[in-house]
J.: 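Structure incoming, see below.
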Amino acid sequence: MNAHDVKSVGIVGARGHTGAELIRLIARHPGLELAFVSSRELDGQRVTDHVAEFAGGLRYENLSHEAVAAGRADAVVLALPNGKAKEIVAAIDAEKPDAVIVDLSADYRFDNAWYYGLPELTRTRYAGQKRISNPGCYATAMQLAIAPLKDELAAPPACFGVSGYSGAGTTPSDKNNPEKLRDNLMPYALVDHLHEREVTRQLGVPVEFMPHVGPHFRGITMTVNLWLQQSTNADAVKAHYREFYDGEPLVRVIDEAPWVSAIAGKHYAEVGGFAVAPGGKRVVIVATLDNLLKGAATQALQNLNLAFGFDEMEAIPRP
Ligand SMILES: NC(=O)C1=CN([C@@H]2O[C@H](COP(=O)(O)OP(=O)(O)OC[C@H]3O[C@@H](n4cnc5c(N)ncnc54)[C@H](OP(=O)(O)O)[C@@H]3O)[C@@H](O)[C@H]2O)C=CC1
Ligand SMILES: CC(=O)N[C@@H](CCC(=O)OP(=O)(O)O)C(=O)O
């Protein structure tokens, strides 16, 4: 890769869990470099002191929206909590409309002007859009589990999800308090979670989602109960999923129900289980993924690679 092909990326909210993962991924990418990393709390501190995989003298900066927009980045990744993107997007729209923006929050997932980037399911809709909304972590797991059967459904899929507590970010709450989570499983937002609406909108079929947070740090287990119109058997369902995800390095279809401990720190999702109830119309499928990687940073890198014309898997370790 020639030096002039190297694209620069700025990260806003770079102290957070997903921002740190993205710094690690960009550090190993031959075609990307970091232009800036913005954080209020870490202003002035060296990135190497927080992300060991990063080499170089770059320091975190507390940048205003205007400074972000005026920065030299070809792409800006927003890794801010929900509800914080609008003003910064407006500043970039005004100053540098051709810059790519990848937003990790939920703020643009319902906006038709933005490309929704779940590559395995939506990449054929990518047509050079510069505004990219990165899917939610649970929403990624649900869509990967349901999409191959979405046209066969007889009822809304019921999705039981359990997330590690890194899914709740770094702002202190019960959901990321290891003391309160010890020996515990915390149900929350049992109807109308944002990801329920996100998946319903993206797949075009209603889904029912019941989230929980557990005592582990990273990784999601999504167990999905699907009622089908026609009866089937486990071998047929497995074969259908293998064919649907054939050639997808970041979706591994396995026979058994996957364990979350196996995908923590991994870039791919696993989909398996494929239990079929007597009668053949009720199927249970389990998907696991690392919420910080395929559920966030790895997916953001797939989207950046797509936007810059790199191989979609560039710098993403293969299974
Ligand atoms: N965690 C996960 O598993 C996933 C998260 N996401 C989404 O990605 C985004 C980032 O998530 P995550 O990395 O977990 O978040 P964190 O809470 O870990 O980090 C958020 C970052 O944004 C900065 N920030 C700027 N403004 C605010 C503010 N008003 N309140 C709090 N923090 C602020 C933080 O502080 P500072 O400025 O001091 O650096 C920090 O750098 C969120 O929208 C989240 O919903 C999506 C998929 C998965
Ligand atoms: C355990 C936990 O709290 N998880 C978060 C989801 C994290 C995520 O993907 O959130 P966004 O849709 O906000 O990007 C939640 O349920 O809100």
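Hydrogens, waters and symmetry mates are skipped; everything else that's a heavy atom, side chains included, is used. In what follows, residues are counted from 1 in the order of the sequence shown.
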J.: Any side-chain to backbone donor/acceptor pair from Asp43 onto Arg40? Under 3.5 Å, distance only.
T.: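 Checking the backbone N and O of Arg40 against the side chain of Asp43, no donor-acceptor pair under 3.5 Å is found.
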J.: Please round to the nearest 0.5 Å and tell me the distance separating atom NE2 of His267 and atom CE of Met313.
T.: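 With rounding to 0.5 Å, NE2 (His267) is 8.5 Å from CE (Met313).
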J.: I need the Leu32 CG to Lys7 NZ distance, nearest 0.5 Å.
T.: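 The CG atom of Leu32 sits 9.5 Å away from the NZ atom of Lys7.
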J.: Give, for atom CD of Glu198 and atom OH of Tyr138, the distance between the pair rounded to the nearest 0.5 Å.
T.: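 One gets 12.5 Å once the value is rounded to the nearest 0.5 Å.
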J.: From Ile263 CD1 over to Lys294 NZ, what is the distance, rounded to the nearest 0.5 angstrom?
T.: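 Interatomic distance, Ile263 CD1 to Lys294 NZ, rounded to 0.5 Å: 12.5 Å.
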J.: Tell me, do Tyr126 and Ile132 make a side-chain contact under 4.5 Å, heavy atoms counted?
T.: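 When only atoms from C-beta onward are counted, Ile132 and Tyr126 do touch, with a gap below 4.5 Å.
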J.: I'd like to know if the side chain of Gln129 reaches the main chain of Ala127, judged simply by a donor and an acceptor atom lying under 3.5 Å from each other, with no hydrogens or angles considered.
T.: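 Side chain of Gln129 to backbone of Ala127, a donor-acceptor pair under 3.5 Å: yes, one is there.
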J.: Less than 4.5 Å apart, side chain to side chain, heavy atoms only: is that true for Phe36 and Arg72?
T.: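 Not touching, per the 4.5 Å side-chain cut-off.
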J.: Charged N to carboxylate O below 4.0 Å: is that the case for Arg242 and Asp255?
T.: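 Yes.
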J.: Are Met186 and Lys175 packed together at the side-chain level, in the sense that at least one heavy-atom pair is separated by less than 4.5 angstrom?
T.: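 Sidechains of Lys175 and Met186: in contact.
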J.: Is the distance between the ring centroids of His17 and Tyr165 under 6.0 Å?
T.: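 For Tyr165 and His17, the ring centres are not under 6.0 Å apart.
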J.: Within the structure provided, determine whether Pro135 and Tyr116 are in side-chain contact (heavy-atom separation under 4.5 Å).
T.: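 In short, these two side chains touch, coming nearer than 4.5 Å.
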J.: Looking at Asp290 and Arg218, is there a salt bridge between them, counting it only when a charged N and a carboxylate O are closer than 4.0 Å?
T.: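 Salt bridge flag = yes for Asp290 with Arg218.
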J.: Would you check if there is a donor-acceptor pair between the side chains of Glu152 and Gln229 at a distance under 3.5 Å?
T.: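 The criterion, which ignores hydrogens and geometry beyond distance, is not satisfied for Glu152 and Gln229.
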J.: Is there a donor in the side chain of Glu120 and an acceptor in the side chain of Gln143, or the other way round, less than 3.5 Å apart?
T.: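 Side-chain D/A pair, Glu120 to Gln143: absent.
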J.: What I'd like to find out is whether the side chain of Glu196 reaches to under 4.5 Å of the side chain of Cys159, using heavy atoms alone.
T.: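 No, too far: nothing below the 4.5 Å cut-off.
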J.: Are Ile285 and Leu149 close enough that some pair of their side-chain heavy atoms sits under 4.5 Å apart?
T.: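 Touching, per the 4.5 Å side-chain cut-off.
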J.: Hey, what do you get for OH (Tyr241) to CG (Asp246), rounding to the nearest 0.5 Å?
T.: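 The OH atom of Tyr241 sits 15.5 Å away from the CG atom of Asp246.
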J.: Parallel, tilted or perpendicular: which describes the rings of Phe308 and Phe310, with under 30° parallel and over 60° perpendicular?
T.: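 Phe308 and Phe310: perpendicular rings.
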J.: Drop me the distance from Leu144's CG to Arg252's CZ, to the nearest 0.5 angstrom.
T.: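 The CZ atom of Arg252 is 14.5 Å from CG of Leu144, to the nearest 0.5 Å.
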J.: Report yes if the side chains of Arg131 and Asp103 come closer than 4.5 Å at any heavy-atom pair, otherwise no.
T.: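 They are not in side-chain contact.
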J.: Could you go through the side chain to side chain contact (heavy atoms under 4.5 Å, CB included) check for His216 and Val260 one step at a time?
T.: CA-CA 10 Å; His216 56 297; Val260 70; 4.2 Å; yes
J.: Determine whether Ile101 and Leu78 make a side-chain contact, defined as any pair of heavy atoms from C-beta on separated by less than 4.5 Å.
T.: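 The answer is yes, as the side chains (C-beta and beyond) meet within the 4.5 Å cut-off.
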